[in-house]
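A short worksheet on the structure shown next.
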Amino acid sequence: MALINYSSKEINCKIVYYGPGLGGKTTNIKHIYSKVNPENRGKLMSLDTELDRTLFFDFLPVDLGTVKGFSVHFHLYTVPGQVYYNASRKLILKGVDGLIFVADSQIERFEDNIDSIENLDDNLAEYHKKAEEIPLAIQYNKRDLPNIVSLNELEDALNPRGVFSCEGVATEGIGVFEPLKEVSKKVLRKLR
Amino acid sequence: MPEDKEGTFEEEFQIIKDSLEELCRETKSLSVLLIDKAGQLITSAGNVSSLDIPSFATLSAADFAATSNLADLIGEHDFSTLFHQGARKSIYVSLIADKVILAVIFTKETTLGLVRIKVKKTAEKLANMFDRIFQTLESEYSGAVDDEFISEAETELDSLFE
């Protein structure tokens, strides 16, 4: 849950980017880093392997500023997507307030998306959480590539809850801020 | 937010802060940080001006979580403390009430033994209070902010994530 520190008047929210390996989670967070006013963000930290795959997580703190006396911080994390890094993925989900699922639109990655969203449910269940209780948005990434699954098919397979979803080309910053905004607002509304 | 809730926490956070400052002073440490398991700073004592706090808090929590899983792999319940020794500075990390992480950064001005003893004392003192605080936080989670807060925050979000 979001941590409200009444003493220092701070609200901290944890938002996690989830999805299959090489789907573009880190690209999303790097775009946010490059576009957000430097005064409103901290350092982008990446714990990755020599091959540039995320090993543990990427982390970017973003400050919303002060709202009615509370300073509001969003902590953005990515998880490693590769199947064999599930232990790290589970750890990052601890205390998650909001989720952005970055799906890879390419035909050959269709099954990986489904495996990943099922894996998300399994991992949340270990913390006794249900995915539907946590604000979620979906980005269908890599829409600029030629061999992609149709939006309808992706929606049918990955979005039975009918949560906010959008098309994305994270490398160009398309569809990056929309899901983040959507989830951040839902996380704050849950504090009400 | 409910007045009495804020009042309760003000008092308890002051006790926590005083305890951390006492720990920092008595062990001659550089700084002491209290972090939740999700990697967010709760409060700190000592000199943290040169420290990248969000990164430090996140990595400490991740470090602890990874180590707990390592413990599990060899059939241990938990490793309740971690120690990272450097040439000039070292970090001693310990879990309080199974819920919050206490990290002490210290130099050769002091010894690991002293840090360990004093951290244990502080942990014992604060454990009950944390149990109580977390119970209250969980039961009074909703209603923390009002509509006006949400509307102002949403406007800020729109301009931040343009």
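Letters go in sequence order (proteins before strands), and every chain restarts at 1. Bear in mind that the values here come from a model prediction, so they are computed numbers and not experimental data.
- A salt bridge links K43(A) to D52(B): at least one charged side-chain nitrogen sits closer than 4.0 Å to a carboxylate oxygen.
- Atom OG1 of T58(B) sits about 10.5 Å away from atom CG of L60(A), to the nearest 0.5 Å.
- Taking a cutoff of 4.0 Å between a charged side-chain nitrogen and a carboxylate oxygen, K68(A) and E148(B) qualify as a salt bridge.
- The CG atom of L188(A) lies 12.0 Å from the CD atom of E152(B); values are rounded to the nearest 0.5 Å.
- With hydrophobic clusters built from ILVMFWY side chains whose heavy atoms lie under 4.5 angstrom apart, V96(A) shares a cluster with V163(A).
- Residues G95(A) and A38(B) share a closest heavy-atom pair of CA-CB, 4.0 Å.
- Between A65(B) and L91(A), the shortest heavy-atom distance links the atoms CB-CD2, 3.6 Å.
- Summarising the geometry of L41(B) relative to N12(A), their closest heavy-atom pair is O-ND2, 4.1 Å, with the distance given to 0.1 Å.
- By the criterion of side-chain heavy atoms lying less than 4.5 angstrom apart, applied directly or through intervening Ile, Leu, Val, Met, Phe, Trp or Tyr residues, L23(B) is not grouped with I117(B); the two fall into different hydrophobic clusters.
- Only the side chain of V62(A) comes within less than 4.5 Å of a heavy atom of chain B; its backbone N, CA, C and O stay farther away.
- A continuous path of hydrophobic side-chain contacts links I15(B) to I42(B) [ILVMFWY only; heavy atoms under 4.5 Å].
- Annotation for E133(A): atom CD counts as buried by contact number, over 12 foreign heavy atoms lying within 6.0 Å.
- Within 6.0 Å of the CD atom in E108(A), the count of heavy atoms belonging to other residues, nucleotides or ligands exceeds 12.
- Contact check for L157(B) versus F74(A): side-chain heavy atoms found under the 4.5 Å cut-off.
- Of the atoms belonging to L160(B), heavy atoms from both backbone and side chain fall under 4.5 Å from chain A.
- Listed options G69(A), S184(A), G42(A) were ranked by heavy-atom pairs under 4.5 angstrom with chain B; first place goes to S184(A).
- Between F161(B) and F177(A), the ring-plane angle classifies as parallel under the 30° and 60° cut-offs.
- With hydrophobic clusters built from ILVMFWY side chains whose heavy atoms lie under 4.5 angstrom apart, V36(A) shares a cluster with L64(A).
- Of the listed residues (R189(A), K90(A), H75(A), K94(A)), the greatest number of heavy-atom pairs within a distance under 4.5 Å of chain B belongs to R189(A).
- Annotation: side chain of V67(A) is in contact with side chain of E156(B) (closest heavy-atom distance under 4.5 Å).
- Note: S159(B) OG to N37(A) CG = 10.0 Å, rounded to the nearest 0.5 Å.
- Between K181(A) and E154(B) there is no salt bridge, since no side-chain N of the basic residue sits under 4.0 Å from a carboxylate O of the acidic one.
- Nearest heavy-atom pair across A62(B) and F57(A) is CB-CE2, 3.4 Å.
- Linking ILVMFWY side-chain heavy atoms closer than 4.5 Å, directly or via other members, places I53(B) and F64(B) in a single hydrophobic cluster.
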